[in-house]
Amino acid sequence: MAISYKLERREELLDAILGEGAADDGDANNNNNNNISSNDDDPKAQLLQLATICAKTNIPIASHDFLRDPTGEAIYCYGNMSFLHGFGYEWEEFLQLPSKKSAPPEGVEERQKLLDSVKKKANVMVSNNDDASSDDDDNHDNDGEHLTSNYDNLIRIRKDGRLILLKGVNLWNVYDVCLEDNSNMDPDLVRDSIEMGEMEVIGQAVWIRHVEYLD
């Protein structure tokens, strides 16, 4: 998940989460955050730091994969406490939940189109990508800003049926790439493989800047 974020966004997921400055443990946790950096020389230590921060942050984070269902339907495989609380699920049931259940019935098709557009344009989230088609209104807003800034005001639904509004939705693809197997990988070569369709998308992940309850 973190490697895929870096490949598409050209930044560390840890930096993005810390940059939001959001944590559940108050000043004590924020002080700990100040001592955490994605520049740690030990990749495994960095992943442990990331896992800890993701678990504690009040920024909802989740991911789904396409691997467990024979039809390729996306099923959640991770959700931090903030995401679980926001959508009203317990951990065990969440790991078996088709992610389309997060949208109200009338929003399932719209949500799927969004996910498909991100999956189809696997490199669309790369921050310095200038190759996106200028006539693709789904990928840019009126000011020509990048797709990542356009995921606002998405209506989703909790387990109890209450509607919620998502703002600042950051969605990216998760690729079949492993840190241990690619510790010396050239990110640009991997990005080339992605753009040529040689790197399989096995899931998608999201972090959300703000969740608002509508009813």
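We count residues from 1, following the sequence as given. As a basis for the values below, the full set of heavy atoms in this structure was taken, side chains included, without hydrogen atoms, waters or symmetry mates.
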Test side chain to side chain contact (heavy atoms under 4.5 Å, CB included) applied to Val201 and Tyr175, step by step: CA-CA 5 Å; Val201 177; Tyr175 301 96; 3.5 Å; yes
Audit row: Leu13, Ile61, side chain to side chain contact (heavy atoms under 4.5 Å, CB included) steps and yes/no: CA-CA 11 Å; Leu13 178 58; Ile61 303 172; 5.7 Å; no
Aromatic ring pairing Tyr5/Trp172, orientation class (parallel under 30°, perpendicular over 60°, tilted between): perpendicular
Tyr76 ring center within less than 6.0 Å of Tyr89 ring center: no
Atom of Glu110, atom of Leu154 and distance for their closest heavy-atom approach: OE2-CD2, 3.9 Å
Within 6.0 angstrom of Glu109 CD, more than 12 heavy atoms from elsewhere: no
Side chain Asp176, main chain Ile202, donor-acceptor under 3.5 Å: no
For the student: nearest non-hydrogen atoms of Gln96 and Glu92, plus distance: NE2-O, 3.6 Å
Spatial distance of atom CD (Gln49) from atom CG (Leu18) [nearest 0.5 Å]: 9.0 Å
Backbone of Ile59 reached by a side-chain donor or acceptor of Asn80 within 3.5 Å: yes
Atom of Ala55, atom of Tyr78 and distance for their closest heavy-atom approach: N-OH, 4.0 Å
Salt-bridge criterion met for Glu8 and Lys119 (N-O under 4.0 Å): no
Rounded distance [0.5 Å steps], CE in Met81 versus OG1 in Thr57: 13.0 Å
Parallel, tilted or perpendicular: rings of Phe87 and Phe83 (30°, 60°): parallel
Carboxylate-amine/guanidinium contact Asp188 Arg191, below 4.0 Å: yes
Inter-residue atom distance Asn58.CG - Ile208.CD1, 0.5 Å rounding: 12.0 Å
Ile53 and Leu14: CA distance, side-chain angles, deciding distance, side chain to side chain contact (heavy atoms under 4.5 Å, CB included) verdict: CA-CA 8 Å; Ile53 294 299; Leu14 180 58; 4.1 Å; yes
Side chain proximity check, Arg9 to Asn170, heavy atoms < 4.5 angstrom: yes
Under 3.5 Å donor-acceptor, Arg158 side chain and His85 backbone: yes
Shortest non-hydrogen contact between Ser102 and Arg156, atoms and distance: O-CB, 3.1 Å
Minimum side-chain heavy-atom gap Leu114-Tyr151 below 4.5 Å: yes
Nearest atoms (heavy-atom pairs only) where Trp91 meets Gly79: CZ3-O, 3.3 Å
Pairwise distance CD1(Ile17) to CG(Leu50) - rounded to 0.5 angstrom: 7.5 Å
Distance (rounded to the nearest 0.5 Å) between Lys100 NZ and Gln112 CD: 8.5 Å
Euclidean distance, Leu95 CG relative to Glu93 CD, rounded to 0.5 Å: 10.0 Å
Co-members of Leu163 in a cluster of I, L, V, M, F, W and Y side chains, linked at under 4.5 Å: Ile155, Ile157, Leu165, Leu214
Lys6 with Asp15: basic N within carboxylate O range, under 4.0 Å: no
Shared hydrophobic cluster, Ile75 / Phe94 (ILVMFWY, side-chain heavy atoms < 4.5 Å): no
Hydrophobic cluster identity match, Leu97 and Val108, side-chain contacts under 4.5 Å: no
Neighbour count above 12 (heavy atom, 6.0 Å) for Glu106 CD: yes
Stepwise side chain to side chain contact (heavy atoms under 4.5 Å, CB included) test for Leu115 and Leu171: CA-CA 8 Å; Leu115 299 179; Leu171 177 67; 3.6 Å; yes
Beyond-backbone contact of His64 with Val174, side-chain heavy atoms, under 4.5 angstrom: no
Greater than 12 external heavy atoms within 6.0 Å of His210's NE2: yes
